[in-house]
Amino acid sequence: MPEIPGSSSPRGTSGRIEISRDEVAHLADLARIDLSDAELEHLAPQLSVILESVASIAEVAADEIPPTSHALPLTNVFRDDVVTPGLTAEQALAMAPASEGQRFSVPRILGEEA
Amino acid sequence: MSTDTLLSFEESLEKFDPAMGLEVHVELNTNTKMFCGCPAVFGGEPNSQVCPTCLGLPGAMPVVNAKAVESAMRIGLALNCEIAEWCRFARKNYFYPDMPKNFQTSQYDEPIAFEGYLDVELEGGEIVRVEIERAHMEEDTGKSLHVGGATGRIHGADHSLVDYNRAGIPLIEIVTKPIMGSREKAPEVAKAYVAQLRELIVALGVSDARMDQGSIRADVNLSLAPVGTGSLGTRTETKNVNSLRSVERAVRYEMQRHAAILDGGGSILQETRHWHEDTGVTTSGRPKSDADDYRYFPEPDLVPVAPSREWVEELKGTLPELPREKRGRLQKEWGFSDLEMRDTVGAGALGLVEETIAAGASPQSARKWWLSELARRANDSGQEIADLGVTPADVAAVQALVDAGSLNDKLARQVFDGLIAGEGTPAEIVAARGLAIVSDDGALGAAVDKAIEANPDVADKIRDGKVAAAGALIGAVMKEMRGQADAGRVRELIIEKLT
Amino acid sequence: MTDYLRASAADLVAALEAGETTSVALTELFLDRIEAVDSAVHAFLHVDREGALAQAAASDARRAAGAPASVLDGVPIAVKDVLATEGLPTTCGSKILEGWIPPYDATVVTRLKEAGLPILGKTNMDEFAMGSSTEHSAYGPTRNPWDLDRIPGGSGGGSAAAVAAFEAPLAIGTDTGGSIRQPGAVTGTVGVKPTYGGVSRYGLVAMANSLDQAGPVSRTVLDSALLHEVIGGHDPRDSTSIKEPVGALAEAARQGASGDLSGLRVGVIKELGGEGYQAGVEASFRESLDLLVSAGAELVEVSCPSFVHALAAYYLIMPSEASSNLAKFDAMRYGLRVVPDGDPSAEDVMRASRDAGFGDEVKRRIILGTYALSSGYYDAYYGQAQKVRTLISRDFEAAFEKADVLVSPTAPTTAFKLGEKLDDPLAMYLNDLATIPANLAGVPGISLPSGLASEDGLPAGFQVLAPALADDRLYRVGAALETLLEKKWGGPLLAQAPSLDTGPGGRVGRSAPVSRPPYSTTGEMA
């Protein structure tokens, strides 16, 4: 069952935002990027500066303002349930770094599916 | 293998109250996938049912399958849910090699259907209302084959091979609210809910609803709280529960496992667990942690779904007779007692009996064969009754042979042996095994003479007018003819010859 | 004899129609120009000589048979490397997609092919369109034809530079926060961001799906209108595509070129000017306003108070969407796979490949977006940013009550030096100050050259914004201003650009001559 995000607000939206090296490392982990120590050192202060510059936004819009996720208010765009031509397996696999038995070959998978 | 300590089921209940949540994924039987025009059928050549969209190629975009939305709404309506006036798809972000975009296009806080219920009937006839929190639309993932390693399992594998044919097939996830207060009946309630939800899906015609092929998949959430407190404890989420029987067993197992840990002063780790059908245990999967930060946000490549109320009303008109109503109607038509009806439903044989009757058998004969004969065999071999290899048409054909006097019950059982062994149609099996009843007077007369000769004292009794003694001679004739004699004609011949 | 290299696409069409030249001749002309100058400019990542010439030959055959496929049939074009092209490499300026050859065409590309425009090649860009200078391309920067030591804008610096350097008469760009308009401004070319949903995004490798829009890049306003008509219109494969015909855009441009703007209300956005805007850019903008007035337009000042938050909203929404879009680059199905030592798992390979395959700016934005979407931060960042979008749309609505079009300088400054802002992300982001609001609200915008800034002699851009679906107004106003400016200048602004004349050996040597072109090629060199 999903949990609602945003139950807590970011720390210090009105004051300084400090994003630590460890926090960047955690985010890099979530984003599956193997950042080096040097990259982490370099990125942390840059992100702090960027976040500080965007932090003003937290107080701009009042609760009653509806969010806009789509610039134009379209709804109900559907497709008929009719098969259309796709790719052949050969096309699908043509750019694969590795394949075997008409399947994509990937290195061993560590964890179970989420 | 598991080394879990379990408390006995009874002791678990003395100390704790269980709370369950069931999440059932239903794979729809639409022609095409959720967001692209690739065929949504089971079992094609690997990676032959893919396109840029379901393969997650850079630049490709999704378009929603109208039929899938319609099926989702019909499921929601059948579950007495509200249908959203406006809802969106959202991205659930996590990395996994069988998920081409590394996010699943799903729904988050705006499901298409919400706040419903399903009234579930237990074996004793008791009705339990299971409240539905939501039913939402999403897409399936690809399938991985794990290569190397001993067992084909993920652990110890050397590498994996991925087929994306299944990626993007429409799924409806149906989530219950916590089911509390069912106590010792919790395992039964869980099984009955999934079974009756499955029946509903079948009646709606929106899915193949084959648990063995994964077109219905259940996850079981379970937690315990000290008895009488009414609180909710830490839960585990057991995945991979792929048969009705396993739903019941998995609930029971987790109740006993949680109880042992809590009773010993430990605490439950919030985690995903995996059910093992073969060994009947759960094992630890993945701990729930910060890594479960799915970073949901509205899918910007899709626009909101806002079903008009006219559309919703129109779909309400397409809902089939609900299974429980249908059961009431059929019981009346068939003249079954409450007990007979419950047994039929409990054995998962309602549809089979219905089809057998439709194929020409009388209600009582259809019930008799499925519930006495075939249910026992399924139980012996640990199979679902529907998977024995015997069709309703077969059963009706066997009964027709019995009605015509060509088979008796004993011979009919041998025909079922042949059907289960895959030897052909009932007529073919009767012919091949030589099972037809002999009513030819020549062959029967000889056997009767032989029996009279071998049992002179019995023959004398009959001659003295004690016709009831004929049974012993009939038995001897049947033995001689390996059960294939027409018992009625044998009786007539004996009495003709001796009186 | 007409100088076809410097002619507008509309003039090339006229020459083709008159039988004065052929598509093959034009295509060869531009391919030769690319060969001559692109080692200096580096506008292209890939040139498809063989394919372009084959398409040109087919076009000539159609025209000979009296059945051209469209108005622009036979006019060559360059396509930004962010659009999928079947059989042609599509890298998005990233190492992670080096050598990727898509098995399908983007809808825009399909429409170009159906309309008979030979595709010369794929143009350079900031990696995954993240940047305002094209310096974030993994394959080296593109240089501004006005000054090879300066940036051509970004992310579509390749498309703008290709058109400015006469390597192509037309190009396709994409605009998420200004990536068509800002490069147009700093290279003295025309660029249009259509109404969101006006041009299909199918096959456009997304940076921020709710903001991205493909559009025309050209040397004249009319040329953009002609190209816009070819690529625009509903596409059932893009759910956000508008179900309306694209409209009579070329007609609007021709009408505007008459130079009469009587009765037009032009809103000058108070918030897009002043502090942070270069004096010469503002002066050029004012001169253009005077010309609009002289053509009969009425100026009104409008205030859009929420625009001050546009940059912040943009730098939350864009990285959030991008962080999710770029997750698919995981080394499993296509693209770069880096296998670390030892016995790496799929996860290890993903991490190593994404580290090696993505550049600094891409990593910065992925991390930023991951942060903004994280539970606990979603409401305060992404959620708030979406609300600011609503406020910005409301500002536009109010402003369009008072004015038919809104105007501002396109970019606060002229082209800066290569390397100047490379490691100062905030300074780089400020280049998009004036262009971002249109993306957030989905409204269309055009940038056209307004002249040279007095302090550095480099081009400045004039931006016109119109209400959603009123793209025709951009062309009417743009063409009118262009006519008035060119009358003043005595010709197109690009006539004042350095010639990039080819020296001995046939190539422009900025310093040492380059022995081979910086782009890859398909087909034999002529």
Side-chain angles (χ1 to χ4, degrees), chain B residues 35-37 47 50-65 88-105 108-109 142 144 146 148 154-155 157-162 164 167 290-305, chain C residues 82-84 90 92 97 100 102-107 128 197 200-206 208-212 235-241 317 320-321 323-335 343 346-347 349-351 354 369-378 382-383 386:
Chain B
F35 301 116
C36 65
N47 296 300
V50 294
C51 74
T53 297
C54 60
L55 212 49
L57 293 188
M61 295 178 71
V63 186
V64 176
N65 181 342
R88 288 178 294 187
F89 286 94
R91 292 186 182 179
K92 181 182 183 180
N93 292 287
Y94 65 96
F95 285 81
Y96 205 79
D98 67 11
M99 205 167 51
K101 298 166 292 182
N102 284 322
F103 61 78
Q104 182 188 32
T105 309
Y108 178 48
D109 48 359
S144 304
H146 305 295
I154 194 164
H155 296 293
D158 172 56
H159 62 288
S160 299
L161 300 176
V162 193
Y164 292 101
D290 285 359
D292 284 336
D293 188 342
Y294 294 125
R295 289 159 282 134
Y296 282 98
F297 71 104
E299 167 56 81
D301 277 341
L302 293 172
V303 302
V305 176
Chain C
V82 75
L83 289 155
T90 300
C92 301
L97 270 183
W100 183 58
Y104 79 107
D105 276 329
T107 296
F128 289 110
S200 171
R201 291 187 295 113
Y202 184 79
L204 189 176
V205 181
N209 325 56
S210 72
L211 306 167
D212 294 341
D235 177 13
R237 285 192 289 192
D238 172 358
S239 303
T240 61
S241 169
I317 293 167
S320 296
E321 294 184 8
S323 70
S324 170
N325 291 328
L326 298 186
K328 63 170 68 75
F329 300 101
D330 65 357
M332 298 294 117
R333 290 161 297 279
Y334 47 79
D343 176 26
E347 282 209 2
V349 170
M350 285 183 190
R351 285 173 209 280
R354 288 165 65 79
T370 304
Y371 177 83
L373 287 177
S374 291
S375 58
Y377 300 100
Y378 178 91
Y382 191 79
Q386 297 285 42

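Chain identifiers are assigned alphabetically (A, B, ...) following the order of the sequence lines, protein sequences preceding nucleic acid strands; residue numbering begins at 1 within each chain.
- Counting only N and O atoms by type, the side chains of C:D235 and C:S241 include no donor and acceptor under 3.5 Å apart.
- A distance of 5.0 Å separates OG of C:S239 from CG of B:L302, quoted to the nearest 0.5 Å.
- No other option in C:V82, C:T240, C:N209, C:T90 has as many heavy-atom pairs under 4.5 Å with chain B as C:N209.
- Between C:Y371 and C:Y378, the ring centre distance reaches or exceeds 6.0 Å.
- In terms of non-hydrogen atom pairs under 4.5 Å with chain B, the most contact-rich of C:A327, C:P236, C:S323 is C:A327.
- For chain B, the nearby part of C:Y334 is the side chain; its heavy atoms alone come within less than 4.5 Å.
- Of the atoms belonging to C:D343, not a single heavy atom falls under 4.5 Å from chain B.
- The contact between B:P100 and chain C is made by backbone and side chain atoms together, counting heavy-atom distances below 4.5 Å.
- B:F95 CZ to B:K101 NZ: the interatomic distance, rounded to the nearest 0.5 Å, is 13.5 Å.
- Aromatic ring orientation, B:Y296 versus B:Y108: parallel (interplanar angle below 30°, classes split at 30° and 60°).
- Using a 4.5 Å cut-off between heavy atoms, C:A106 makes no contact with chain B at all.
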- Could you please spell out the steps behind the ring-ring contact (aromatic ring centres under 6.0 Å, His included) verdict for B:F297 and B:F103? CA-CA 11 Å; B:F297 71 104; B:F103 61 78; 7.7 Å; no

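- Ranked by non-hydrogen atom pairs under 4.5 Å with chain B, the options C:M332, C:R201, C:R333 are led by C:R333.
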